[in-house]
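In what follows, every heavy atom counts, from backbone to side chain, and hydrogens, waters and symmetry copies are set aside.
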Amino acid sequence: MKKLSKVQEKQQALVLAVADKLEAQAREEIPGMLQCWFDMEFHLFPSSLLLCFQFENEQALEAAKPDLLKWQKRLSAAMVKKGVILKDMRKHLVFTMNGPED
């Protein structure tokens with residue numbers, strides 16, 4: 001794997017900080033939420049950012065879906081505080097049962 005540039009390291013650290021914060025909040029507020037993970041392509045950041053909240057089962061996932069927009073807004077607000085604007089917040093956070101390896 002190619003070594004990250006200084007800019008890419010800053011981008012990764014920023015996203016990790018936001019993801020860790022949201023994951024901690026979500027574990028407290030959403031029953032059945034296992035973990036938060038993200039995927040992004042550095043050369044397309046921030047438009048390529050995808051944050052995923054992984055759930056343990058279908059029931060927990062379905063129960064959490066009404067709150068998806070609230071969490072998308074939280075991600076967008078957290079990124080703005082870090083100086084990153086997500087043009088369409090709905091594209092950057094999803095609820096799933098898939099893990100990072102799936």
Side-chain angles (χ1 to χ4, degrees):
M1 188 169 151
K2 193 170 108 178
K3 188 177 188 297
L4 297 178
S5 70
K6 295 287 182 197
V7 170
Q8 290 170 333
E9 286 175 359
K10 286 180 183 179
Q11 290 171 344
Q12 186 177 39
L14 180 145
V15 173
L16 275 171
V18 169
D20 287 345
K21 178 183 168 195
L22 286 178
E23 180 179 31
Q25 289 176 348
R27 283 190 175 177
E28 289 178 15
E29 296 179 31
I30 307 174
M33 197 282 230
L34 293 177
Q35 66 177 343
C36 172
W37 55 275
F38 69 90
D39 184 38
M40 71 178 181
E41 296 179 33
F42 289 104
H43 66 285
L44 296 175
F45 181 79
S47 63
S48 67
L49 176 63
L50 178 62
L51 207 69
C52 299
F53 282 12
Q54 182 181 351
F55 289 84
E56 62 188 20
N57 57 44
E58 192 68 37
Q59 293 84 359
L61 177 63
E62 289 302 317
K65 278 190 178 175
D67 290 334
L68 178 58
L69 181 60
K70 173 178 83 173
W71 287 96
Q72 290 169 333
K73 287 179 180 179
R74 285 185 182 184
L75 170 62
S76 182
M79 294 299 283
V80 165
K81 285 181 183 176
K82 298 284 187 178
V84 177
I85 296 174
L86 302 176
K87 290 187 177 160
D88 184 358
M89 67 181 174
R90 295 175 193 265
K91 291 182 179 179
H92 298 284
L93 190 139
V94 296
F95 289 174
T96 183
M97 286 182 45
N98 296 333
E101 297 84 27
D102 296 337

What I'd like to find out is whether the side chain of Lys10 reaches to under 4.5 Å of the side chain of Val7, using heavy atoms alone. no
To the nearest 0.5 Å, how far apart are CE in Met97 and CD in Glu56? 9.5 Å
Report the distance from atom SG of Cys36 to atom CZ of Arg27, rounding to the nearest 0.5 Å. 9.5 Å
Checking side chain to side chain contact (heavy atoms under 4.5 Å, CB included) between Val18 and each of Lys81, Arg74, Lys82, which is the one that passes? Lys82
Just verifying a value: how many Å separate Leu34 CG and Cys52 SG, rounded to the nearest 0.5 Å? 13.0 Å
For Leu44, is the CG atom crowded, meaning more than 12 foreign heavy atoms sit under 6.0 Å from it? yes
Parallel, tilted or perpendicular, as decided by the 30° and 60° cut-offs, for the rings of Phe95 and Phe53: parallel
Kindly say whether Gly99 contributes a backbone atom to a donor-acceptor pair with the side chain of Asp102 at under 3.5 angstrom? yes
Just how far is it from atom CZ of Arg90 to atom CG of Leu69, taken to the nearest 0.5 Å? 4.5 Å
Residue set satisfying salt bridge (charged side-chain N to carboxylate O under 4.0 Å, His left out) with Lys70, at least two apart, ordered chain then number -> Glu29
To the nearest 0.5 Å, what is the distance between NE2 (His92) and CE (Met40)? 12.0 Å
Could you give the distance from CG (Leu61) to OG1 (Thr96), rounded to the nearest 0.5 Å? 7.0 Å
